[in-house]
Every structure is written in structure tokens, then in C-alpha cells.
Amino acid sequence: MANNLLKGKRGIIFGALDENSIAWKTALKVKEEGGSFTLTNAPIAMRLGKINELAKACNAEVIPADATSEEDLKNLVAKSEEVLGGKLDFVLHSIGMSPNIRKGKSYGDMNYEWYLKTLDISALSFHKIMQTLEKLDAMNEYGSIIGLSYIAAQRSYPDYTDMAQAKAMLESIARSYGARFAKLKKVRVNTISQSPTKTTAGSGISGFDVFFDFAEMMSPLGNASAEDCANYIVAMFSDFTRMVTMQNLMHDGGFSSTGITQDLIDRLTK
């Protein structure tokens, strides 16, 4: 049931690929709650995904942008303000890609050029987006900026390789830019550390199904779905969370605070 939590609010949603993605589900929920926004993704991702279908459903304009390009970001922010009729209230950074993972490189055999690309796309882009927003004075007071993270930023997981460092960097940027943006404009910056989620990108990681099942057994509430995450993002975009900033918010059904569960004990003693 919609509650108009975002009525009159404007923003940008990065990273919607297809109906399985968190950004896609967030866009639908933001629209339902009265928000308006532009959609953006890199041109190659747009060719692979279905973003135009989402745009039609949400009556939103699509503005292609490479999030690693400062020029593309300047154009995106300026055009979004023009399309939406004013400064922005929310931004979702739902971007992550590792060429090393895509090409099956092990952690002991990294291609370092690809490693740097992982960090640029998945983490440094978060800083570039916020720096652009600041330089263009594009955010309203008490606006909310969210980046999506994963617990591999704090713990070791096989096959997550260089994305683990990217997520750690993302969370660090949120704290550092969060402190700056709060003083400058009272803008909130947070990351949400989501359960393993069956998105197109997430499912591409080797061993993902085992990851997912383990987390399900270790989480008292079970894994948080993409829909649950979209709801949480809407709450973080709303005025009900005006004093929350510089946090890495665990959205994982209790996984991060659980030592072991009876479900896992039962599985291991069979």
C-alpha cells in the first residue's frame, strides 16, 4: 500500500538492468510512493538490459551515462535537474562490475588493469557522482544518497575477489563524503549491505547458489529479497530518516549478528 513517502521528491537511479535488479524494483517502489526520477546506466548495460521498459512503466526519462566519466555525470545531473524541474532529493548508486570475476580470474592471478577498473566502476564512481552533485549544487537539504554494498567488505568470501575491496572502498567513501556533505548541505550518505540477492549480476558469481543457501540458513529472518531492499531504500530516501548518515546499514535478516543457527547445526550433523 502506497503512503506517498516520496511525494514531490526528485532523484536519479543508477544501475537498473532488468526486472531482477534492486535498482529496477526500487524505481517501481519510488514511483509508487510519489517520487519522480531519471534512470541511467552505461550504454553497454543499456543494450544488454531492459531499462526502456522500466522507463515507460515509471514515466521516467533515460539518460545514458558512464558513471566513471566526469563529463557524462555532469551532463546527467544537469539534464536530470532540467527534466525533473529542480534540485535532487535522492540518488541510488546500484553499480558494480568486476572484469576479473567475469573472466574467471582467481584472487592469486589478478589482472591489475581489470582490478583498477573494478574499483573505478564499483566504488570510485560513488565519489565521482557525489563530487559532481556538490560542484553543481544539485542536492536539496536533507537529500539522501545510497550505495549498495555487501558483507564481503568486512569478511572473506571465496570467489568475490576484488569486489570485496571495491565494497570496502564504497563504504569508506560513504563515511568520508557523508561527513562532508552533511556539513555543506545536510545531505545524508549511507550504504546498505544487502543479503545475497538473486539478481542478474549477483547470480554471475561462482558458487552463488551455495552463498545464498548458507546465508538463508544463517539468517534468523532469512535472506532479504530485492523487494525488501527496495522498501528499505525508500525509507532511507524519506524524511523519516533525516538524521541517519555515514552508516553501513545491514539489511540481511540478521546474518551479520548471528554466530550459528540451529538450521545450520542440523544440516552439518546429518
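The residues of the chain are indexed from 1 along the displayed sequence.
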Exercise. Determine yes or no for a side-chain-to-main-chain donor-acceptor pair under 3.5 angstrom, with Asn41 supplying the side chain and Ala16 the backbone.
Key: yes

Quiz prompt | Side-chain donor or acceptor of Ser172 paired with backbone N/O of Ala168 under 3.5 Å | solution = no

Quiz item: Closest heavy-atom contact between Asn111 and Lys105?
Solution: N-CE, 4.2 Å

Quiz item: At their closest point, which heavy atom of Val77 faces which heavy atom of Ala138, and how far apart are they?
Solution: CG1-CB, 3.5 Å

Exercise. Scan side-chain atoms only and decide if Asp18 and Ser21 contain a donor-acceptor pair under the 3.5 Å cut-off.
Key: no

Quiz prompt | Taking every non-hydrogen atom, the tightest pair across Ser149 and Asn248 | solution = CB-OD1, 4.1 Å

Exercise. Give a yes or no on whether Met163 and Met250 share a hydrophobic cluster (residues Ile, Leu, Val, Met, Phe, Trp, Tyr; joining criterion: side-chain heavy atoms under 4.5 Å apart).
Key: yes

Quiz prompt | CD (Glu70) with more than 12 external heavy atoms under 6.0 Å | solution = no

Practice problem: Flag the pair Ile12 / Leu88 as yes when at least one side-chain heavy-atom distance between them is below 4.5 Å, and no otherwise. | Solution: yes

Exercise. Give a yes or no on whether the backbone of Met243 and the side-chain of Arg188 come within a donor-acceptor separation of less than 3.5 Å.
Key: no

Self-check item: Pairing residues for Lys74 by the side-chain contact (heavy atoms from CB on, under 4.5 Å) criterion, not counting sequence neighbours
Solution: Glu71, Thr132

Quiz item: Can you tell me if Thr241 uses its side chain to pair, donor with acceptor, with the backbone of Ala235 under 3.5 Å?
Solution: yes

Exercise. Evaluate the side chain to side chain donor-acceptor pair (under 3.5 Å) criterion for residues Glu227 and Asn231: first the C-alpha distance (whole Å), next the side-chain angles of each, then the deciding distance (0.1 Å), finally the verdict.
Key: CA-CA 6 Å; Glu227 289 86 353; Asn231 287 330; over 6 Å; no

Exercise. Using ring pair (Phe, Tyr, Trp, His ring centres under 6.0 Å) as the criterion, list what pairs up with Tyr157, not counting sequence neighbours.
Key: Tyr150, Phe211

Quiz prompt | salt bridge (charged side-chain N to carboxylate O under 4.0 Å, His left out) contacts touching residues 160-181 (sequence neighbours left out) | solution = Glu134-Arg180

Self-check item: Smallest separation among heavy atoms of Ala2 and Glu33, with atom names
Solution: CA-OE2, 3.5 Å

Exercise. Specify the closest pair of heavy atoms between Glu19 and Lys25, including all atoms of both residues, with the distance to one decimal.
Key: O-NZ, 3.1 Å

Quiz item: Taking only residues two or more places apart in sequence or in another chain, which ones pass ring pair (Phe, Tyr, Trp, His ring centres under 6.0 Å) with Phe90?
Solution: Phe237

Quiz prompt | Gap between atom CE of Met169 and atom CG of Leu124 - 0.5 Å precision | solution = 5.0 Å

Quiz item: Would Leu5 and Phe240 satisfy side-chain contact (heavy atoms from CB on, under 4.5 Å), going step by step from the backbone distance to the final call?
Solution: CA-CA 9 Å; Leu5 290 179; Phe240 286 113; 3.3 Å; yes

Practice problem: List the steps, then state whether side-chain contact (heavy atoms from CB on, under 4.5 Å) holds for Leu28 with Leu54. | Solution: CA-CA 8 Å; Leu28 293 174; Leu54 178 63; 3.8 Å; yes

Quiz item: For the side chain of Thr161 and the backbone of Tyr107, is there at least one donor-acceptor N/O pair under 3.5 Å apart?
Solution: no

Self-check item: Results of side-chain contact (heavy atoms from CB on, under 4.5 Å) for Asp66 - residues two or more places apart only
Solution: Thr68, Ser69, Asp72

Quiz item: Without hydrogens or angle criteria, can the side chains of Glu216 and Asn223 be said to hold a donor-acceptor pair below 3.5 Å?
Solution: yes

Quiz item: In terms of side-chain geometry, is the basic nitrogen of Lys29 or Glu32 positioned less than 4.0 Å from the acidic oxygen of its partner?
Solution: yes

Practice problem: Identify whether Met97 and Trp114 are in the same connected component of the hydrophobic contact network (ILVMFWY, side-chain heavy atoms under 4.5 Å). | Solution: no

Quiz item: Going from CZ on Phe255 to CD on Gln194, what distance comes out if it is rounded to the nearest 0.5 angstrom?
Solution: 12.5 Å

Practice problem: Report the C-alpha distance between Ile22 and Ile233 in whole Å, list the side-chain angles of each, state the deciding distance to 0.1 Å, and finish with yes or no for side-chain contact (heavy atoms from CB on, under 4.5 Å). | Solution: CA-CA 10 Å; Ile22 291 171; Ile233 292 166; 3.9 Å; yes

Exercise. Using the rule that two of Ile, Leu, Val, Met, Phe, Trp, Tyr join whenever any of their side-chain heavy atoms come within less than 4.5 Å, decide whether Phe14 and Val30 are in one cluster.
Key: no

Quiz prompt | Student check: side-chain heavy atoms of Thr40 and Val62 closer than 4.5 Å | solution = no

Quiz item: Can you tell me how far the CG atom of Leu133 sits from the CD1 atom of Ile145, to the nearest 0.5 Å?
Solution: 5.5 Å

Quiz prompt | Residues forming a side-chain contact (heavy atoms from CB on, under 4.5 Å) with Tyr232, sequence neighbours excluded | solution = Ile192, Met236, Leu249, His251

Quiz item: Are Met217 and Asp266 close enough that some pair of their side-chain heavy atoms sits under 4.5 Å apart?
Solution: no

Quiz item: Is there a path from Val187 to Val234 through hydrophobic residues (I, L, V, M, F, W, Y) whose side chains come within less than 4.5 Å of each other?
Solution: no

Quiz item: What's the spacing between Ser94 OG and Leu17 CG if we round to 0.5 Å?
Solution: 9.5 Å

Self-check item: CD1 on Ile146 to CG on Leu92, rounded to 0.5 Å
Solution: 7.5 Å

Exercise. Take atom NZ of Lys117 as the centre, draw a 6.0 Å sphere, and report whether it contains more than 12 heavy atoms from other residues, nucleotides or ligands.
Key: no

Quiz item: Counting N and O atoms only, with roles assigned by atom type, does the side chain of Arg10 sit under 3.5 Å from a partner on the main chain of Lys87, one being a donor and the other an acceptor?
Solution: yes

Quiz item: What is the minimum heavy-atom distance between Ala152 and Ala164, and which atoms define it?
Solution: O-CB, 3.4 Å

Quiz item: Going through the distances and angles, do Phe37 and Lys9 end up as a side-chain contact (heavy atoms from CB on, under 4.5 Å)?
Solution: CA-CA 8 Å; Phe37 49 87; Lys9 294 191 181 296; over 6 Å; no

Quiz item: CD1 of Ile63 to CD of Glu61: how many Å apart, nearest 0.5 Å?
Solution: 5.0 Å

Quiz item: Would you find more than 12 non-hydrogen atoms of other residues, nucleotides or ligands less than 6.0 Å from Glu113 atom CD?
Solution: no

Quiz prompt | Donor-acceptor contact present, side-chain Asp228 to main-chain Ser225, <3.5 Å | solution = yes

Exercise. Indicate yes or no: at least one non-hydrogen side-chain atom of Thr245 is less than 4.5 angstrom from one of Lys186.
Key: no

Quiz item: Any side-chain donor-acceptor pair under 3.5 Å between Tyr115 and Gln165?
Solution: yes

